[in-house]
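Here the structure is a predicted model, which means the values were calculated and not measured. Order of listing sets the numbers, starting from 1, for every ligand and every atom in it.
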Amino acid sequence: MRVSDIISKYRAKEETPITLLDGIYEKIEKDDLNDYISLTKNIAYEEAYHSKIRHEKGMPLSDIDGVFFSIKDNIAVENIRMTCGSKILSDFISPYSATVVERIRAKGGIIVGKTNMDEFAMGSSNESSYFGPVKNPVDTSFVPGGSSGGSAASVAASHACISIGSDTGGSVRQPSSFCGVVGFKPTYGEVSRYGLTAFSSSLDTMGIISETVRDSKRVFDIIRGEDAHDSTLSSKKAGKRDYKRVGYLDAIPQADKPVEEIYGKRIEDLKKDFELVKIKMDFIDISISTYQIQTMCETSSNLARFDGIKYGLQSKSGKNLREIYSAVRGDGFGSEVKRRILIGTYFLTHNEGEYYSLSFRLRDYIANEIDKIFENIDAIVIPTSLTLPFKFNEKTSSPLQMHLSDSLTAFSNLANVPAISINGGYSNNLPCGIQLVGKRFDDDSLLEFAERAETIWRENG
Ligand code: GLN
(Lines give C-alpha, C1' and ligand atoms only; values in the text may rest on other atoms or scores of the structure.)
Protein backbone atom coordinates (compact mmCIF):
# COMPACT_ATOMS: atom_id res chain seq x y z
CA MET A 1 0.00 0.00 0.00
CA ARG A 2 1.73 3.13 -1.19
CA VAL A 3 1.01 6.59 0.13
CA SER A 4 0.54 8.04 -3.36
CA ASP A 5 -2.04 5.34 -4.26
CA ILE A 6 -4.07 6.08 -1.16
CA ILE A 7 -3.99 9.82 -1.67
CA SER A 8 -5.06 9.53 -5.30
CA LYS A 9 -8.01 7.34 -4.26
CA TYR A 10 -9.10 10.08 -1.84
CA ARG A 11 -8.69 12.72 -4.54
CA ALA A 12 -10.72 10.72 -7.05
CA LYS A 13 -13.35 10.14 -4.34
CA GLU A 14 -13.09 6.38 -4.90
CA GLU A 15 -12.47 5.70 -1.21
CA THR A 16 -12.54 7.50 2.11
CA PRO A 17 -10.25 6.92 5.09
CA ILE A 18 -13.17 5.10 6.72
CA THR A 19 -13.82 2.66 3.88
CA LEU A 20 -10.12 1.88 3.57
CA LEU A 21 -9.84 1.38 7.32
CA ASP A 22 -12.75 -1.10 7.26
CA GLY A 23 -10.88 -3.08 4.61
CA ILE A 24 -7.63 -3.04 6.58
CA TYR A 25 -9.23 -4.40 9.75
CA GLU A 26 -11.01 -7.10 7.76
CA LYS A 27 -7.77 -8.12 6.12
CA ILE A 28 -5.86 -8.19 9.43
CA GLU A 29 -8.42 -10.60 10.79
CA LYS A 30 -8.57 -12.74 7.69
CA ASP A 31 -4.78 -13.03 7.19
CA ASP A 32 -4.24 -13.97 10.85
CA LEU A 33 -0.50 -13.25 10.89
CA ASN A 34 -0.40 -12.17 14.57
CA ASP A 35 1.37 -8.99 13.45
CA TYR A 36 -0.58 -6.77 15.86
CA ILE A 37 -0.65 -7.03 19.65
CA SER A 38 -3.33 -4.34 20.00
CA LEU A 39 -5.63 -2.78 17.45
CA THR A 40 -6.47 0.85 18.13
CA LYS A 41 -9.87 0.90 16.45
CA ASN A 42 -11.37 3.67 18.56
CA ILE A 43 -8.72 6.24 17.85
CA ALA A 44 -8.28 5.06 14.27
CA TYR A 45 -11.95 5.55 13.35
CA GLU A 46 -12.04 8.92 15.06
CA GLU A 47 -8.96 10.03 13.14
CA ALA A 48 -10.36 8.55 9.92
CA TYR A 49 -13.59 10.47 10.38
CA HIS A 50 -11.77 13.81 10.75
CA SER A 51 -9.49 12.99 7.85
CA LYS A 52 -12.48 12.14 5.65
CA ILE A 53 -14.00 15.56 6.33
CA ARG A 54 -10.74 17.34 5.59
CA HIS A 55 -10.46 15.49 2.27
CA GLU A 56 -14.06 16.30 1.39
CA LYS A 57 -13.33 19.96 1.97
CA GLY A 58 -10.16 19.64 -0.08
CA MET A 59 -8.10 20.67 2.93
CA PRO A 60 -5.83 17.75 3.91
CA LEU A 61 -3.24 18.60 6.57
CA SER A 62 -0.36 17.04 4.66
CA ASP A 63 0.43 14.30 2.17
CA ILE A 64 0.06 11.71 4.94
CA ASP A 65 -3.43 12.85 5.92
CA GLY A 66 -5.53 9.66 5.96
CA VAL A 67 -2.47 7.40 5.59
CA PHE A 68 -2.35 4.26 7.79
CA PHE A 69 0.44 3.65 10.30
CA SER A 70 1.32 0.78 12.56
CA ILE A 71 3.50 1.44 15.61
CA LYS A 72 5.86 -1.06 17.21
CA ASP A 73 4.69 -1.95 20.68
CA ASN A 74 7.71 -0.44 22.42
CA ILE A 75 6.66 3.05 21.27
CA ALA A 76 4.13 4.92 23.37
CA VAL A 77 0.66 5.93 22.20
CA GLU A 78 -1.34 7.78 24.83
CA ASN A 79 -4.04 5.71 26.57
CA ILE A 80 -3.14 2.60 24.60
CA ARG A 81 -1.58 -0.55 25.98
CA MET A 82 2.19 -0.81 25.44
CA THR A 83 3.58 -4.27 26.14
CA CYS A 84 7.04 -4.27 24.52
CA GLY A 85 6.16 -7.89 23.65
CA SER A 86 6.58 -8.82 27.33
CA LYS A 87 4.44 -10.39 30.01
CA ILE A 88 5.79 -7.89 32.52
CA LEU A 89 4.02 -5.03 30.69
CA SER A 90 1.07 -6.99 29.39
CA ASP A 91 -1.44 -4.67 31.11
CA PHE A 92 0.48 -1.43 30.98
CA ILE A 93 -1.35 1.58 29.53
CA SER A 94 0.86 4.39 28.28
CA PRO A 95 0.09 7.80 29.85
CA TYR A 96 1.60 9.77 26.96
CA SER A 97 2.56 9.54 23.29
CA ALA A 98 6.01 9.36 21.75
CA THR A 99 7.11 12.46 19.83
CA VAL A 100 7.05 10.53 16.53
CA VAL A 101 3.46 9.48 17.19
CA GLU A 102 2.42 13.05 18.00
CA ARG A 103 4.06 14.34 14.83
CA ILE A 104 2.38 11.72 12.67
CA ARG A 105 -1.04 12.39 14.17
CA ALA A 106 -0.60 16.15 13.89
CA LYS A 107 -0.26 15.65 10.12
CA GLY A 108 -3.35 13.47 9.85
CA GLY A 109 -1.74 10.01 10.01
CA ILE A 110 -4.04 7.25 11.29
CA ILE A 111 -2.73 4.73 13.85
CA VAL A 112 -4.15 1.27 13.05
CA GLY A 113 -2.55 -0.58 15.96
CA LYS A 114 0.54 -1.63 17.91
CA THR A 115 2.70 -4.29 16.33
CA ASN A 116 4.12 -7.51 17.69
CA MET A 117 7.83 -7.67 18.41
CA ASP A 118 10.57 -9.66 20.09
CA GLU A 119 10.44 -9.07 23.83
CA PHE A 120 11.98 -5.66 24.58
CA ALA A 121 13.31 -5.65 20.99
CA MET A 122 15.73 -8.49 21.67
CA GLY A 123 15.68 -11.00 18.87
CA SER A 124 15.84 -11.52 15.13
CA SER A 125 12.82 -13.69 14.42
CA ASN A 126 9.96 -12.34 16.55
CA GLU A 127 9.91 -15.68 18.36
CA SER A 128 10.76 -14.16 21.75
CA SER A 129 7.44 -12.29 21.97
CA TYR A 130 5.20 -13.18 24.90
CA PHE A 131 2.33 -12.78 22.41
CA GLY A 132 3.56 -15.50 20.10
CA PRO A 133 5.43 -15.45 16.80
CA VAL A 134 4.41 -13.48 13.71
CA LYS A 135 4.00 -15.22 10.36
CA ASN A 136 5.88 -13.85 7.37
CA PRO A 137 3.25 -12.74 4.82
CA VAL A 138 5.53 -13.75 1.94
CA ASP A 139 5.35 -17.36 3.12
CA THR A 140 3.69 -18.09 6.44
CA SER A 141 5.96 -21.03 7.27
CA PHE A 142 8.87 -18.59 7.68
CA VAL A 143 9.72 -16.05 10.38
CA PRO A 144 9.30 -12.36 9.50
CA GLY A 145 12.63 -11.41 11.11
CA GLY A 146 12.93 -9.24 14.18
CA SER A 147 12.73 -7.53 16.39
CA SER A 148 10.27 -5.32 14.44
CA GLY A 149 8.74 -8.46 12.86
CA GLY A 150 5.13 -7.36 13.32
CA SER A 151 5.93 -3.97 11.82
CA ALA A 152 7.54 -5.35 8.67
CA ALA A 153 4.80 -7.98 8.28
CA SER A 154 2.10 -5.32 8.66
CA VAL A 155 3.54 -3.28 5.79
CA ALA A 156 4.20 -6.31 3.56
CA ALA A 157 0.63 -7.58 4.12
CA SER A 158 -0.97 -4.15 3.48
CA HIS A 159 -2.17 -3.98 7.08
CA ALA A 160 -0.59 -0.50 7.19
CA CYS A 161 1.21 1.73 4.68
CA ILE A 162 4.00 2.69 7.04
CA SER A 163 5.30 1.27 10.27
CA ILE A 164 7.44 2.95 12.89
CA GLY A 165 9.88 0.51 14.46
CA SER A 166 13.07 0.69 16.47
CA ASP A 167 16.54 -0.33 15.33
CA THR A 168 19.30 -0.96 17.86
CA GLY A 169 21.33 -3.45 15.85
CA GLY A 170 19.23 -4.09 12.76
CA SER A 171 15.67 -4.52 13.99
CA VAL A 172 14.11 -2.38 11.28
CA ARG A 173 16.32 -3.47 8.40
CA GLN A 174 16.53 -7.24 8.90
CA PRO A 175 12.74 -7.84 9.14
CA SER A 176 12.28 -5.52 6.15
CA SER A 177 14.69 -7.72 4.25
CA PHE A 178 12.79 -10.87 5.32
CA CYS A 179 9.41 -9.42 4.33
CA GLY A 180 10.52 -7.75 1.08
CA VAL A 181 9.90 -4.13 2.09
CA VAL A 182 12.01 -1.00 2.72
CA GLY A 183 13.50 -0.39 6.19
CA PHE A 184 15.32 2.82 7.05
CA LYS A 185 17.46 3.47 10.14
CA PRO A 186 18.39 7.16 10.29
CA THR A 187 21.50 8.58 11.93
CA TYR A 188 21.24 8.49 15.75
CA GLY A 189 20.32 12.05 16.70
CA GLU A 190 17.93 12.66 13.78
CA VAL A 191 14.66 11.32 15.24
CA SER A 192 13.47 11.80 18.81
CA ARG A 193 13.51 8.70 21.01
CA TYR A 194 11.07 10.22 23.46
CA GLY A 195 8.44 7.56 24.11
CA LEU A 196 10.59 4.67 22.90
CA THR A 197 11.17 2.13 25.68
CA ALA A 198 14.93 2.03 26.11
CA PHE A 199 16.75 -1.18 25.27
CA SER A 200 20.27 0.12 24.66
CA SER A 201 20.05 3.88 24.87
CA SER A 202 23.29 4.72 23.09
CA LEU A 203 22.27 2.67 20.03
CA ASP A 204 18.44 2.78 19.92
CA THR A 205 17.08 4.54 16.84
CA MET A 206 13.53 5.03 15.61
CA GLY A 207 13.16 3.65 12.10
CA ILE A 208 10.67 3.62 9.24
CA ILE A 209 9.30 0.65 7.30
CA SER A 210 7.44 1.26 4.04
CA GLU A 211 6.85 -0.17 0.60
CA THR A 212 9.00 2.39 -1.19
CA VAL A 213 11.96 4.65 -0.40
CA ARG A 214 9.82 7.64 -1.34
CA ASP A 215 7.38 6.87 1.45
CA SER A 216 10.16 6.51 4.02
CA LYS A 217 11.46 9.91 2.93
CA ARG A 218 8.06 11.53 3.33
CA VAL A 219 7.66 10.21 6.85
CA PHE A 220 11.26 10.93 7.83
CA ASP A 221 10.72 14.61 7.01
CA ILE A 222 7.72 14.65 9.33
CA ILE A 223 9.18 12.85 12.34
CA ARG A 224 12.79 14.12 12.31
CA GLY A 225 14.15 17.19 14.03
CA GLU A 226 14.69 18.73 17.41
CA ASP A 227 12.57 17.87 20.39
CA ALA A 228 12.85 19.35 23.87
CA HIS A 229 12.30 15.84 25.28
CA ASP A 230 15.43 14.30 23.77
CA SER A 231 18.74 16.04 24.40
CA THR A 232 20.68 13.64 22.15
CA LEU A 233 19.13 15.14 19.03
CA SER A 234 21.46 17.06 16.81
CA SER A 235 20.78 19.95 14.46
CA LYS A 236 23.81 18.92 12.40
CA LYS A 237 23.04 18.56 8.71
CA ALA A 238 25.29 17.42 5.94
CA GLY A 239 24.79 19.34 2.70
CA LYS A 240 23.05 17.34 -0.02
CA ARG A 241 25.39 15.77 -2.51
CA ASP A 242 25.20 13.52 -5.47
CA TYR A 243 26.52 10.05 -4.80
CA LYS A 244 29.00 8.88 -7.41
CA ARG A 245 31.38 6.39 -5.84
CA VAL A 246 29.90 3.34 -4.17
CA GLY A 247 31.87 0.86 -2.07
CA TYR A 248 31.19 -2.89 -2.11
CA LEU A 249 32.67 -6.13 -0.82
CA ASP A 250 33.81 -8.71 -3.33
CA ALA A 251 33.00 -11.58 -0.97
CA ILE A 252 30.77 -11.94 2.04
CA PRO A 253 32.14 -14.80 4.08
CA GLN A 254 29.38 -16.76 5.84
CA ALA A 255 26.65 -15.42 3.56
CA ASP A 256 24.25 -17.95 2.07
CA LYS A 257 24.70 -18.63 -1.62
CA PRO A 258 21.45 -16.98 -2.79
CA VAL A 259 22.31 -13.83 -0.80
CA GLU A 260 25.72 -13.63 -2.50
CA GLU A 261 24.15 -14.17 -5.91
CA ILE A 262 21.51 -11.49 -5.52
CA TYR A 263 24.08 -9.09 -4.06
CA GLY A 264 26.45 -9.72 -7.00
CA LYS A 265 23.70 -9.04 -9.50
CA ARG A 266 22.66 -5.80 -7.79
CA ILE A 267 26.26 -4.56 -7.76
CA GLU A 268 26.46 -5.22 -11.52
CA ASP A 269 23.23 -3.27 -12.04
CA LEU A 270 24.70 -0.19 -10.36
CA LYS A 271 27.82 -0.16 -12.54
CA LYS A 272 26.18 1.79 -15.37
CA ASP A 273 25.37 4.79 -13.20
CA PHE A 274 28.00 4.69 -10.46
CA GLU A 275 31.66 4.04 -10.00
CA LEU A 276 31.95 0.85 -7.93
CA VAL A 277 34.94 0.65 -5.59
CA LYS A 278 36.04 -2.53 -3.83
CA ILE A 279 36.38 -2.00 -0.08
CA LYS A 280 37.32 -4.00 3.00
CA MET A 281 35.29 -4.05 6.20
CA ASP A 282 37.35 -6.25 8.51
CA PHE A 283 35.73 -4.70 11.58
CA ILE A 284 32.52 -6.58 10.81
CA ASP A 285 34.05 -9.53 12.66
CA ILE A 286 34.26 -7.67 15.95
CA SER A 287 31.04 -5.74 15.58
CA ILE A 288 28.81 -8.49 17.00
CA SER A 289 30.85 -8.90 20.20
CA THR A 290 31.07 -5.13 20.61
CA TYR A 291 27.35 -4.84 20.05
CA GLN A 292 26.54 -7.63 22.49
CA ILE A 293 28.68 -6.22 25.32
CA GLN A 294 27.33 -2.75 24.86
CA THR A 295 23.65 -3.69 24.57
CA MET A 296 23.72 -6.23 27.40
CA CYS A 297 25.28 -3.68 29.77
CA GLU A 298 22.76 -1.01 28.85
CA THR A 299 19.88 -3.47 29.03
CA SER A 300 20.76 -4.63 32.52
CA SER A 301 20.57 -1.00 33.62
CA ASN A 302 17.54 0.10 31.52
CA LEU A 303 15.37 -2.86 32.44
CA ALA A 304 16.00 -2.43 36.17
CA ARG A 305 12.96 -0.12 36.24
CA PHE A 306 10.63 -3.07 35.63
CA ASP A 307 10.53 -4.19 39.24
CA GLY A 308 6.90 -4.80 40.10
CA ILE A 309 6.58 -1.50 41.93
CA LYS A 310 6.52 1.25 39.31
CA TYR A 311 5.07 -0.44 36.24
CA GLY A 312 3.20 -3.44 35.03
CA LEU A 313 3.03 -6.86 36.60
CA GLN A 314 2.71 -7.00 40.40
CA SER A 315 3.34 -9.69 42.96
CA LYS A 316 0.70 -10.81 45.42
CA SER A 317 2.95 -13.22 47.30
CA GLY A 318 6.17 -11.23 47.86
CA LYS A 319 6.64 -10.35 51.54
CA ASN A 320 9.50 -7.91 51.11
CA LEU A 321 11.11 -5.90 48.32
CA ARG A 322 13.55 -8.62 47.34
CA GLU A 323 10.79 -11.23 47.08
CA ILE A 324 8.63 -8.86 45.04
CA TYR A 325 11.46 -8.10 42.60
CA SER A 326 12.33 -11.72 42.13
CA ALA A 327 8.73 -12.90 41.77
CA VAL A 328 7.81 -10.23 39.22
CA ARG A 329 11.03 -10.29 37.21
CA GLY A 330 11.24 -14.08 37.36
CA ASP A 331 7.74 -14.48 36.04
CA GLY A 332 7.54 -11.38 33.82
CA PHE A 333 10.67 -11.65 31.67
CA GLY A 334 11.28 -14.33 29.06
CA SER A 335 14.51 -16.31 28.74
CA GLU A 336 16.30 -14.14 26.14
CA VAL A 337 15.73 -10.99 28.18
CA LYS A 338 16.88 -12.70 31.38
CA ARG A 339 19.99 -14.03 29.67
CA ARG A 340 20.96 -10.54 28.49
CA ILE A 341 20.27 -8.90 31.87
CA LEU A 342 22.40 -11.49 33.66
CA ILE A 343 25.32 -11.29 31.26
CA GLY A 344 25.08 -7.48 31.19
CA THR A 345 25.15 -7.33 34.98
CA TYR A 346 28.25 -9.50 34.96
CA PHE A 347 29.92 -7.26 32.36
CA LEU A 348 29.14 -4.14 34.35
CA THR A 349 30.29 -5.45 37.70
CA HIS A 350 33.35 -7.47 36.69
CA ASN A 351 36.58 -5.56 37.18
CA GLU A 352 34.93 -2.16 37.57
CA GLY A 353 33.11 -2.34 34.29
CA GLU A 354 36.15 -2.94 32.11
CA TYR A 355 34.05 -4.73 29.49
CA TYR A 356 31.76 -1.77 29.04
CA SER A 357 34.71 0.62 28.69
CA LEU A 358 36.29 -1.76 26.22
CA SER A 359 33.12 -1.82 24.13
CA PHE A 360 33.31 1.98 23.80
CA ARG A 361 36.90 1.78 22.63
CA LEU A 362 35.92 -0.83 20.06
CA ARG A 363 33.02 1.36 18.98
CA ASP A 364 35.39 4.26 18.40
CA TYR A 365 37.63 1.99 16.40
CA ILE A 366 34.74 0.84 14.20
CA ALA A 367 33.52 4.41 13.71
CA ASN A 368 37.02 5.53 12.71
CA GLU A 369 37.37 2.68 10.25
CA ILE A 370 34.06 3.62 8.63
CA ASP A 371 35.09 7.27 8.46
CA LYS A 372 38.28 6.23 6.67
CA ILE A 373 36.29 4.21 4.14
CA PHE A 374 34.02 7.18 3.53
CA GLU A 375 37.00 9.41 2.67
CA ASN A 376 37.03 7.63 -0.68
CA ILE A 377 33.43 6.77 -1.41
CA ASP A 378 29.92 8.17 -0.91
CA ALA A 379 28.00 5.04 0.13
CA ILE A 380 28.43 1.36 0.94
CA VAL A 381 26.31 -1.40 -0.58
CA ILE A 382 26.14 -4.61 1.43
CA PRO A 383 23.52 -7.34 1.98
CA THR A 384 21.20 -6.76 4.94
CA SER A 385 21.35 -10.30 6.28
CA LEU A 386 23.64 -13.27 5.77
CA THR A 387 20.59 -15.44 5.20
CA LEU A 388 17.18 -15.47 3.60
CA PRO A 389 14.17 -15.83 5.94
CA PHE A 390 14.40 -19.00 8.01
CA LYS A 391 11.78 -21.35 9.40
CA PHE A 392 10.20 -21.22 12.85
CA ASN A 393 12.32 -22.87 15.59
CA GLU A 394 15.29 -23.14 13.26
CA LYS A 395 17.50 -20.93 15.44
CA THR A 396 15.75 -20.74 18.79
CA SER A 397 17.93 -23.42 20.35
CA SER A 398 21.10 -21.46 19.55
CA PRO A 399 21.19 -17.88 20.84
CA LEU A 400 24.57 -17.50 19.16
CA GLN A 401 23.16 -18.33 15.71
CA MET A 402 20.34 -15.89 16.36
CA HIS A 403 22.79 -13.15 17.38
CA LEU A 404 24.74 -13.68 14.15
CA SER A 405 21.66 -12.43 12.29
CA ASP A 406 22.89 -8.91 13.11
CA SER A 407 26.33 -9.42 11.53
CA LEU A 408 25.75 -7.00 8.67
CA THR A 409 23.57 -4.46 10.42
CA ALA A 410 24.99 -3.81 13.91
CA PHE A 411 28.06 -1.91 12.70
CA SER A 412 25.98 1.02 11.44
CA ASN A 413 24.42 1.49 14.89
CA LEU A 414 27.86 1.23 16.51
CA ALA A 415 29.36 3.77 14.10
CA ASN A 416 26.15 5.76 14.06
CA VAL A 417 25.70 5.99 10.33
CA PRO A 418 22.36 5.85 8.47
CA ALA A 419 21.40 2.70 6.56
CA ILE A 420 18.45 1.53 4.50
CA SER A 421 17.44 -1.94 3.34
CA ILE A 422 15.73 -2.33 -0.04
CA ASN A 423 14.43 -5.55 -1.52
CA GLY A 424 17.09 -6.76 -3.94
CA GLY A 425 15.17 -9.70 -5.36
CA TYR A 426 13.95 -13.22 -4.59
CA SER A 427 15.41 -16.68 -4.36
CA ASN A 428 12.89 -19.53 -4.21
CA ASN A 429 10.23 -16.87 -3.70
CA LEU A 430 11.96 -15.57 -0.55
CA PRO A 431 13.05 -11.90 -0.49
CA CYS A 432 16.61 -10.70 0.04
CA GLY A 433 17.33 -7.16 1.22
CA ILE A 434 20.30 -5.11 0.12
CA GLN A 435 21.52 -2.36 2.38
CA LEU A 436 22.81 1.07 1.46
CA VAL A 437 24.87 2.80 4.13
CA GLY A 438 25.73 6.50 4.13
CA LYS A 439 27.88 8.94 6.07
CA ARG A 440 26.81 10.22 9.47
CA PHE A 441 24.04 12.85 9.07
CA ASP A 442 24.03 12.26 5.31
CA ASP A 443 20.48 10.88 5.55
CA ASP A 444 18.99 13.06 2.81
CA SER A 445 21.63 12.18 0.24
CA LEU A 446 21.44 8.51 1.24
CA LEU A 447 17.68 8.46 0.67
CA GLU A 448 18.12 10.07 -2.72
CA PHE A 449 20.71 7.48 -3.69
CA ALA A 450 18.41 4.74 -2.36
CA GLU A 451 15.60 5.96 -4.57
CA ARG A 452 17.87 5.77 -7.60
CA ALA A 453 19.10 2.30 -6.68
CA GLU A 454 15.53 1.14 -6.11
CA THR A 455 14.54 2.36 -9.60
CA ILE A 456 17.57 0.79 -11.27
CA TRP A 457 16.96 -2.55 -9.55
CA ARG A 458 13.28 -2.51 -10.38
CA GLU A 459 14.02 -1.77 -14.05
CA ASN A 460 16.56 -4.59 -14.18
CA GLY A 461 14.04 -7.02 -12.74
N1 GLN B 1 18.64 -8.71 16.63
C2 GLN B 1 19.25 -7.70 17.44
C3 GLN B 1 19.22 -8.09 18.90
O4 GLN B 1 18.61 -9.07 19.21
C5 GLN B 1 18.67 -6.39 17.09
C6 GLN B 1 17.81 -5.79 18.06
C7 GLN B 1 17.33 -4.42 17.69
O8 GLN B 1 17.78 -3.79 16.74
N9 GLN B 1 16.41 -3.95 18.49
O10 GLN B 1 19.81 -7.43 19.71
Notebook entry, point to check: Listed by chain and number, what are the ring-ring contact (aromatic ring centres under 6.0 Å, His included) partners of Tyr130, not counting sequence neighbours?
Noted result: none
Check: Do Ile422 and Ile434 touch side chain to side chain, with heavy atoms closer than 4.5 Å?
Finding: no
Pairs under 3.5 angstrom only: tabulate donor-acceptor contacts from the side chains of residues 392-402 to other protein residues two or more places apart or in another chain.
from   : atom 1 : to     : atom 2 : distance (Å)
Glu394 : OE1    : Lys391 : N      : 2.8
Thr396 : OG1    : Asn393 : O      : 3.4
Ser398 : OG     : Gln401 : N      : 3.0

Check: Strictly by modelled atom types, are Ser445 and Lys439 linked by a side-chain donor-acceptor pair under 3.5 Å?
Finding: no
Checklist line | Pairs where residues 415-445 contributes a residue and the test ring pair (Phe, Tyr, Trp, His ring centres under 6.0 Å) is met, not counting sequence neighbours | finding: none
Item checked: Charged N-O contact under 4.0 Å between Lys372 and Glu375 -> no
Margin query: List the protein residues in contact with ligand 1, where contact means a heavy-atom separation under 4.0 angstrom.
Written below: Ala121, Met122, Gly123, Ser124, Ser147, Asp167, Thr168, Gly169, Gly170, Ser171, Phe199, Tyr291, Arg340, Asp406
